[in-house]
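Residues: numbered from 1 along the sequence shown.
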Amino acid sequence: YENYSITHDIDFGAYSDYPTDVKIGRLEGNGYTLKNKTIKNVSLIQQVNSAITDLNFENINITASGATNVGLIKASNGKITNCTFKNIYINNTYNSTVTINEIGLITRQNGGSIEDVVLEDITVKTVAKKGNYVAGLVGYYYGVGNMKNITATKLEVNGVNYVGGI
């Protein structure tokens, strides 16, 4: 797991070959923005072990077909603090009776806390016949931790079972 400190905005629209599904220890955003990324069938960040702080995500489109754990961050074991998610679209389509689980900006939060987070213009949906644990922020929250100071506007969340806004 690597630790990163962002030193400027990163516009993925200018890059065609950028790694996805990366594993991160700590990511310090320093108020900068990761933006304009289209992702298919994987997450931008596979796992966060320690923390993501002071980072903005903007104009990110994630599409999948029948995948489980679809989101911007696949799994977080740490703290998410002072982050903004703006204009994020996640769509998982699948016409089968197979269950599709854990869909959201963060598909699974394993303990840790989420604090001072802003969600604006977020769409998370699954067209699967069995789409479980679907939410705007965290698809499935497991373990001990807390969420506080979460602000959300313009959320659209669609699923089948265990569906929520945050």
Side-chain angles (χ1 to χ4, degrees), residues 1-6 10 20-35 37 39 42-64 67-92 99-126 128 130-166:
Y1 296 94
E2 300 292 329
N3 297 316
Y4 298 95
S5 180
I6 306 296
I10 298 175
T20 55
D21 260 356
V22 296
K23 294 180 179 180
I24 293 174
R26 181 173 183 83
L27 177 57
E28 295 180 9
N30 298 308
Y32 292 106
T33 302
L34 303 180
K35 60 186 175 181
K37 181 70 176 162
I39 302 167
V42 296
S43 300
L44 180 62
I45 299 169
Q46 181 181 25
Q47 188 167 339
V48 175
N49 268 356
S50 178
I52 293 180
T53 60
D54 303 316
L55 185 61
N56 305 305
F57 297 89
E58 187 175 323
N59 299 329
I60 298 176
N61 184 349
I62 300 170
T63 57
T68 292
N69 303 107
V70 175
L72 193 58
I73 300 167
K74 186 173 182 178
S76 173
N77 301 319
K79 186 174 184 178
I80 308 293
T81 307
N82 197 30
C83 292
T84 298
F85 299 90
K86 183 177 181 182
N87 194 27
I88 311 293
Y89 179 82
I90 300 170
N91 187 17
N92 191 10
T99 301
I100 306 300
N101 288 325
E102 301 176 9
I103 301 167
L105 292 175
I106 304 167
T107 66
R108 174 182 285 247
Q109 179 73 26
N110 300 312
S113 64
I114 300 175
E115 301 175 2
D116 303 316
V117 169
V118 175
L119 308 174
E120 183 180 332
D121 197 14
I122 307 296
T123 300
V124 178
K125 60 184 178 177
T126 180
K130 292 185 176 181
N132 300 326
Y133 305 105
V134 180
L137 183 55
V138 178
Y140 187 79
Y141 198 103
Y142 178 81
V144 177
N146 59 41
M147 298 172 99
K148 64 182 184 179
N149 300 327
I150 310 296
T151 304
T153 57
K154 293 182 68 178
L155 280 156
E156 178 186 347
V157 180
N158 298 306
V160 179
N161 297 306
Y162 311 106
V163 178
I166 294 178

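Taking CZ of Arg108 as the reference point, atom CD1 of Ile103 lies at 13.0 Å (rounded to 0.5 Å). The structure places CG of Asn59 at 14.5 Å from OH of Tyr89, a figure rounded to the nearest 0.5 Å. Remark: Ile10 CD1 to Leu34 CG distance equals 5.0 Å, nearest 0.5 Å. Rounded to the nearest 0.5 angstrom, Cys83 SG and Leu105 CG are separated by 11.0 Å.
Between Asp54 and Asn30, the side chains place no donor N or O within less than 3.5 Å of an acceptor N or O (distance only, hydrogens not considered). When only modelled atom types and interatomic distance are considered, Glu102 and Asn69 share a side-chain donor-acceptor pair under 3.5 Å. Side-chain contact, Glu120 with Thr153: no donor N or O sits under 3.5 Å from an acceptor N or O. Using a 3.5 Å distance cut-off with no hydrogens or angles, the side chains of Asn82 and Asp116 do not pair a donor with an acceptor.
The shortest side-chain heavy-atom distance between Phe85 and Ile122 falls under the 4.5 Å cut-off. Side-chain contact between Glu156 and Asp121 is absent, with no heavy-atom pair separated by less than 4.5 Å. Counting heavy atoms from C-beta outward, Leu137 and Met147 have side chains that approach closer than 4.5 Å.
The stretch residues 157-166 participates, sequence neighbours left out, in no salt bridge (Lys or Arg N to Asp or Glu O under 4.0 Å) pair at all.
Here the side chain of Ser50 pairs no donor or acceptor atom with the backbone of Gly78 at under 3.5 angstrom. Counting only distance, with no hydrogens or angles, the side chain of Thr107 and the backbone of Val70 share no donor-acceptor pair below 3.5 Å.
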Would Lys86 and Ile88 satisfy side-chain contact (heavy atoms from CB on, under 4.5 Å), going step by step from the backbone distance to the final call?
-> CA-CA 6 Å; Lys86 183 177 181 182; Ile88 311 293; 5.9 Å; no
Test side-chain contact (heavy atoms from CB on, under 4.5 Å) on Ile114 and Tyr141 and set out the steps.
-> CA-CA 11 Å; Ile114 300 175; Tyr141 198 103; 4.2 Å; yes
Stepwise, does the side-chain contact (heavy atoms from CB on, under 4.5 Å) test hold for Leu155 with Leu119?
-> CA-CA 8 Å; Leu155 280 156; Leu119 308 174; 4.3 Å; yes
Would Ile52 and Thr81 satisfy side-chain contact (heavy atoms from CB on, under 4.5 Å), going step by step from the backbone distance to the final call?
-> CA-CA 6 Å; Ile52 293 180; Thr81 307; over 6 Å; no
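The two residues Tyr32 and Ile6 make their nearest non-hydrogen contact at CD1-O, 3.5 Å. Among all heavy-atom pairs drawn from Ser43 and Gly71, the shortest one is OG-O, 2.9 Å. The shortest heavy-atom contact between Val134 and Asn158 is CG1-O, 3.4 Å. Leu72 approaches Ile90 most closely through the heavy-atom pair N-CD1, 4.3 Å.
Remark: of the listed residues Ile150, Asn149, Asn146, Asn146 is the sole one forming a side chain to side chain contact (heavy atoms under 4.5 Å, CB included) with Glu115. No option in Leu27, Ile45, Ile24 other than Ile45 meets the side chain to side chain contact (heavy atoms under 4.5 Å, CB included) test with Ile73.
Shown here is Tyr4, whose OH atom has more than 12 heavy atoms of other residues, nucleotides or ligands within 6.0 Å.
A salt bridge links Arg26 to Glu28: at least one charged side-chain nitrogen sits closer than 4.0 Å to a carboxylate oxygen.
Taking the six-membered ring for Trp and thresholds of 30 and 60 degrees, Tyr133 and Tyr140 have ring planes more than 60 degrees apart, a perpendicular arrangement.
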